[in-house]
Amino acid sequence: MTAEAPLLRVAGLRTEFHTAEGVVRAVDDVSFDIAPGEILGIVGESGSGKSVTARSILGMVHEPGRVVAGQISYRGRDLRTLPPKAMRPIRGREIGLVFQDPQSALNPVMTVRDQISEALTVHGMGRAAARERALELLEQVGIPDARRRADDYPHQFSGGMRQRVVIAIALANNPSLLIADEPTTALDVTIQAQILRLLGRLRHELGVAVLMITHDMGVVAETCDRLVVMYGGRVLERGTVEDVFRAPKSPYTHDLLAAMPRLSSDSAGARRLPSIPGAPPDPAHLPPGCPFEPRCRLAVDACAEKMPSLTVFSVDHAAACHVTAGGASIPVLDSPPAPPRRRAEGDRRPILEVTDLRINVANGRRGLWGRQDPVYAVDGVSLQVHPGETLGLVGESGCGKSTLARAIVGINEPASGAITVRTGGAVQYVFQDPSASLNPRRTIRESIDEGLEAIGVPAAERYDESVRLLERVGLNARHLERLPYAFSGGQRQRVGIARALAAKPELLVLDEPVSALDVSIQAQIINLLESLRDELDLGYLFIAHDLSVVRHLSDRIAVMYLGGIVETGEVATVYGDPRHPYTAALLASSPHPDPAAKHRERIVLTGDLPSPKNPPSGCRFRTRCPIGPIVHSDRTICIEQRPALRPAPNGAHVACHFPGELRNGEA
Amino acid sequence: MSTPPTAKRRNQTLLRYARAFRSPRGIIGAGTLLALVVVALAAPLIGPGGYDQQTSQTLVGASGQHLFGTDELGRDILVRTVYGLRTDLSLILTAVPVSLVIGTLMGLSGAVSKALGALTQRLLDIILGFPGLVLGVIIVMIIGQGWWALFFALVFAGLPGFGRMARAGLLSEQDRDYVLAARVLGVSTGRRIRRHILPNIVDPLLVQTAIFMVVAIFIEAGLSIVGLGIEPPAPSLGAMLNVGARYATTHPSYVLGPGMVLLLLALSFTLLSDALNEAAIKR
Amino acid sequence: MIRFLVRRLPVIALVLVAASMIAFLLPRLMPGDPAAAVAGPDATPEQITQVRHDLGLDRPVVEQYVVWIKGLFTGDLGQSLQYRRPVAELVGTRLESTVELAIAALIFMVIIGVGIGLIAGSTRAAWLRSAIDSVNTLLLAMPGFLVGLLMVLLFGIYFRVLPTSGEVPLSENPEIGVQYLILPALALALAPASGIARLVQTSMRAVRQQDFVDLAMAKGVPPRRIATRHVLRNSLGPALVAIGIRFGDLLAGAVVIEAIFARNGLGQLAVSSAQTADYPVVQVLIVGAVLIAVAAQLLTEIGLARLDPRVRLE
Amino acid sequence: ACTSAVDQANQASTATNEASCQPGGTLTAALASPADPSAVLSGRPGNIFWVRNIVEPLWYITKDSPEPKPLLAKSWKYENDNKTLVLTLQDGVKFHTGRAFTADDVVYTFSQVTKAGSPSNFGPIVSTWQVAATAPNTVTITAPTALDQSAPSILDVTPIIDKDTYAGIASGKQIVGTGPFTLDTYTPGAAMTLKKNPNYWQADLPKLDKIDIPVIADSTAQLAALQSGRLQLASGLTVRDATTAGDGTKFTLEKSGGIFYLLGMDITKAPLNNKQVRQAIAYAIDRERINQQVFVGIGTTSDLMWPESSPGYPKDLATKYTYDPEKAKQLIASAGATGATVDLTYAQQPILASMYSIIANNLEAIGLKPKGEALSIGDYQQRVATASFKMSYLNNAASVGQSAPVLLATLPQIRLKNNSLGYDDPRFAELSNAVTTATSATSADALRKLTEYMLDEANVQLIVAAPTTAVQAKNLTGVERTLTGSLFRNACLTKP
Ligand SMILES: Nc1ncnc2c1ncn2[C@@H]1O[C@H](COP(=O)(O)OP(=O)(O)OP(=O)(O)O)[C@@H](O)[C@H]1O
Ligand SMILES: Nc1ncnc2c1ncn2[C@@H]1O[C@H](COP(=O)(O)OP(=O)(O)OP(=O)(O)O)[C@@H](O)[C@H]1O
Ligand SMILES: [Mg+2]
Ligand SMILES: [Mg+2]
């Protein structure tokens, strides 16, 4: 316990939703404290009750939800018993809230300035003063050129800037507590780094306490003082970041940390990722005992019967587990060794060869005076994928990864350049969002049949074939006649993969196949993909924005920036010795799930990705480049010439006029 | 071990629509409509002499013998109302589905080629430029008064609504991941529309159908009011209201009888559209 | 905006040209002969032939079309066959009546529709919501002429507080004119207003789910202000689209309402001209109706852009 | 202060029926049909309230007596076995333009009547006349046949027009006559207002200052307008509304002129080519029921179109065809026409539609298969004028009160030239000519013979003759009603 009196104390919080399907206990017996000026992280997988906890604190749980038990005392006052009118001055003035999705958190029809000043006027400030303060706030959260941008509408701002505006609103009245519900989940790592840095700075300057909700252990490790681990609506562990990361006392926390692919791991290829079997529980049908019991490798009989209470291990470290409470230690989660990769003899020519590809994404509607100007979302990309090989493709959101992938499978039309596939029609696509890629009206069998039908499998053989495919991806014949809604996200992604496999591809284009999944599920899918590749000798074009996932799976990597590839080479080479300043910055921005790395020196890129509608002249990265003309005004070559991909001494290819000048963090 | 797949799917679809009829609105709407259809089918039982059985009892008020009284030619207004209901039901239950099918095909034509899609959209724009009633007047003028004129007027009037809705559905559905997935697998355009796009735009189209049924009732009535409805002596609700309005002050039951039935009919479709909409949202 | 209008020009022109051809040809496809209508009930074939020649109806159709279109560009809309007056003048004398009616109905439609929608969309009282819902459903199923008839019966005979017959132009006497407008405009507006109320209500319900409403709440904004400043403004889009589409129906509905409330507007002119096969009037009215529908659509788009800064006029 | 539109209308009508004529004031008289200035020379439903008040005829006939009453002609006499008519014109009459009215204007008017394309249907008769201005105030009309039968209604229906402005009258911009009122405003299709002619040739007339003639097509709307006090006179209510409203408490029902409702058949088309079938139809139609149900009993159901005042009116023949479905059935059976289809064309109009419904019912009852065809006015009139309707047609003609020679020359179903039924029968032509050229000695016999033949042929059947109705507020007096219009020169509004 911290010496100071807590700013906020939540004790025994229980929130329920009374739905037609029954009572959903989204939050059950949750307790924690936040001291003034402290950053407390709440981590947990999707559906674990993080957001509901945050909303419960502010009395903003959506219908049909209700806080049914517990205490929420803020500076000694129980917020639960306050009437709605009395709650209003607390909201916004005492406690600010930041949402996950900056796209939808701002009113699209009000100017940014009005939205900020509204937070002030409703608490009694005069209009003119509020408008001035709004400007100040915008500057404080780092909106460049704030005076000019203040009267713009949210859609004119990029995602990162919108999140800054939301933070400005939350901070408008100098609150003592900021609740940030996954403030960076929707953002790129580069922007995430900016926002996290901003939050850290504000905490220092204003002394505001932060309740940081996230599912990313890396973010927790880098920003929080203490953390609470939630699972199935329950707190499974809590303590200081150092304690929990060093010696987790809940098997769940332990395994979760183990299942995360790491940027620095050298095991890639040799071992599979350690993974937690099964899927998070459905909050409508929670097991009677410990919610993690069905997936827990240490579970004993007691676990299924009774929820363990929190056991205090050290001053500020407690965990709820029947096993570890008895002092048992948690054995290492072993990662299965990978079987040797089967490389079929024979044709080793690349299965996919892309040369100098340009893709115009302007919708091509004819105006009165000729066509719209072209927008090249992919501009001059060349790459190859060989059989049995995985090429990882990384880059910020909007850099053209999906556009490239869709062109390869024939959805987008190339404007110029060539896409050569070794055997026609042998490319299949796996989508990012597993629920959107399955027709909600068609059973799994019908979805898979479609693929079999397309390659001419006779109707009579399709059933056996479908079962074979499902078993291959870890499902079985029982699942065949179900509709997609009856599956979890991970299972849906397995079905998506089975459908792609149905067409007997040689190459799979995987467009962020795991980024919509929880960490524990991610590892399962990655392992599945790995074994499929090795067994079937498939080639992968694996797209992701999570550098550690890419590292684990890929043989080679290509880093993409605004329509072009800026660096490509063997994984180990590029990760170990990035030569392009963008690659270096990306690596530096990725959070490490390790509190020790918290204070490492980091390059944080400024600004946002420019629009492909009017890309910068010369080197496209120059507007954000830490070694480019914004720092060295004499480097006019960056403005004048677009650098070509050239071999670097370490074997990689880099498109930079000054390659290798900036590496892991050293400027 | 498992039930035959198609049967199961059909059951699920039916189940979904069955849910629409489980809400209070659905029950009342469907019940009212069903009752009206039964009454309309039973018209020969209610008025065995047909809708044109004239007597010399002119404009008798409502009584036990004539629930809504008699009209200016001594015909029982209840009997005529029931036959009029028959006319209206036969019109909207044929014209609206035809309009739905043609409109949907027009809306989906964009999937075949972009140019065709744009062309049909312009065509629909032009039709949309003509308000339903004006369109009706023109059609009646060309092919002459009668059931068929009303039929075509309703078909045309419905096209823009259905066409646009289908096109909006096509545009939003054809970029969905699962449609793209089918495309990557090499599924043909026709199959993609039938399997993926159509089933997913059925809900809004059904709601629109129910809504347009109400509009169709109003168009029939409106055309009758300006004297261009069904040919006398055949009754329709609108035509009866048109004539009845002339006796409104002295024989209110002449307007109120058919008026109530028209209201019930429109109400039943309004409630149905609501119920379908709710079921679609809840899906 | 100018750019937007210019970009739209080809499509608008296409629609108008097609409409003008349809408007010109369709009446001529109708059976019946305007010359016969003009010549009167007991006319002989010679009389009819003479009338046809006098009216220029015996000239080739293409020539007649070209003459008409040329006229349109010089502001000459043609001559009514029935009234032997320039169509422009005929339309002109009745324009005020219909425009006043349409605008009054539009105002009612917007005020009632948005008002009821706002109440139903922001009230927490379930009984009020279901009461409004029921009234809405009833009104939706009630065609304008039925409402009109009921009003004429009620106000014309039993509660004589507002006139139910005739009209006084607002330009002549605004105070009296408004009283003549109220009932017909209401009759015309009630059904569409309930449709709009419903749209506003459902879209308010949808907007309420959005994060920015929660953010406003988290800012401490009072519920009333949330309803008007945040929810309503973002819910008006669908209603505006509906208003744009309904405006055409409103004009068509005016045909019936004008008859019931004894107003001599364009609707009455349209019906009588159609019945006497007065082509020049009919064709101008059709083109006018299409023009208004197109204009309503453009205005809707401009309005949408005004409501929502994300919408760009292209 | 706030003005109420309802109060305003009430004030206009609070006057009760105590007959104290107030000079001045505005009469509001509604019509269901729009005015048609191009048809000033003939009768049109939309012209009945203005024609005789702006442009005046030489004389006028009211329903009280068949004798004309003087207007622009102050006196007249027949000469030469009624084949010559000498009219002496009123002195000091001026057109609204200020020009003096002379005998030449009468000559000009009748020359317009006979012109091709003229809307008047008296052309065939008037073209046999010689109209001459024998003195500035004398007009002499000479004709090959007697004028006493045809001139009264022709001169009543034909107003004297101003030759300087007649060419432009069709547009209604300028309507010039000698009448007690001048045109004030005209909104085509919607309304016309007349105002007092201060220079009217007869002193102290007219009494009213202004007449508003709005067009209100809908009967309910007219009724509402009457009851709200906006109107003092309404023509265009349905017969039923008119009889209910004009019950004598606040309003009176006024009848005048009249309309024939006729069924005409093309005798070249089977089964109507069979006389027995036509006669059967005549027996089958329940004309009394039509009169009761469609006209609330105010019409008459005689078989004859001739006025009862006609010399030698064959009264006994007027009831030849009384409703007898049994007899009709037998006739159909003996003609072998049972089950035959009879097409019946009519104009889209409530009265004709109702009438059709009853007739169809009647025909069905005797074993025929009636098939109706409702057409728009333009279509209908074209079909009738060119005899291209299918088999038979129903129509109405505002010809009640016209003499036999006039009817024989003008009524499309029975006129010899341009017969709308394509009826071409030498025997009929002979009998018709006999009536037209009859002298006072032969007229009775000729009429009887023609009547007998026509009834036997039964190709034109009079269903009902119904008067035109108007509902008049009790505070309006002095309206004179002619065959085809009202005179408001003596009309005035009364106040208690
Ligand atoms: N309106 C609601 N109706 C019914 N159940 C709800 C509702 N809102 C939330 N829940 C339930 O509460 C559970 C917890 O939801 P919550 O949003 O707190 O999860 P989370 O931890 O924030 O997950 P995520 O990472 O996806 O944001 C959900 O699994 C859901 O079942
Ligand atoms: N149809 C389109 N019309 C206009 N611009 C488009 C279109 N499709 C893509 N773009 C633009 O092309 C760029 C690349 O988009 P793409 O979806 O390929 O990015 P991405 O790298 O896959 O991003 P993410 O990580 O968010 O999926 C973006 O700036 C996007 O705005
Ligand atoms: Mg959440
Ligand atoms: Mg993408």
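Letters A, B, ... mirror the listed sequences (proteins, then strands); counts begin at 1.
- Residue contact with chain C, scored on non-hydrogen atoms closer than 4.5 Å, involves the side chain of Ile169(A) exclusively.
- In terms of heavy-atom pairs under 4.5 Å with chain C, the best-connected choice from Pro154(A), Ala170(A), Gly96(A), Ala119(A) is Ala119(A).
- Contact of the Leu307(C) side chain with the Val109(A) side chain is not registered, since no non-hydrogen atoms from C-beta on lie closer than 4.5 Å.
- With rounding to the nearest 0.5 angstrom, the CD atom of Glu118(A) is 9.0 Å from the CG atom of Leu215(C).
- At a 4.5 Å heavy-atom cutoff, Gln100(A) makes no contact with chain C through either its backbone or its side chain.
- Residues Asn107(A) and Arg229(C) fail the side-chain proximity criterion, which asks for heavy atoms closer than 4.5 Å.
- In terms of heavy atoms, Asp211(C) sits closest to Ala105(A) at CB-CA, 3.9 Å.
- Each of Gly92(A), Pro108(A), Pro175(A) has some count of heavy-atom pairs under 4.5 Å with chain C, and the biggest count is that of Pro108(A).
- Side-chain atoms of Arg88(A) and Pro223(C), non-hydrogen and from C-beta on, do get closer than 4.5 Å to each other.
- Open room surrounds CZ on Arg77(A); 12 or fewer heavy atoms of other groups in view lie less than 6.0 Å from it.
- Not one N or O on the side chain of Lys219(C) forms a donor-acceptor pair closer than 3.5 Å with the backbone of Ala172(A).
- Val166(A) touches chain C through its side chain: at least one heavy atom from C-beta onward sits under 4.5 Å away, while N, CA, C and O do not.
- Contact between Phe99(A) and Asp214(C) at its shortest, heavy atoms only, is CZ-CB, 3.4 Å.
- No side-chain donor-acceptor contact under 3.5 Å links His230(C) to the backbone of Met110(A).
- Looking at heavy atoms from C-beta onward, Met217(C) lies out of side-chain contact with Leu58(A) at the 4.5 angstrom threshold.
- Contacts between Ile95(A) and chain C at a heavy-atom distance below 4.5 Å involve the backbone alone (N, CA, C, O).
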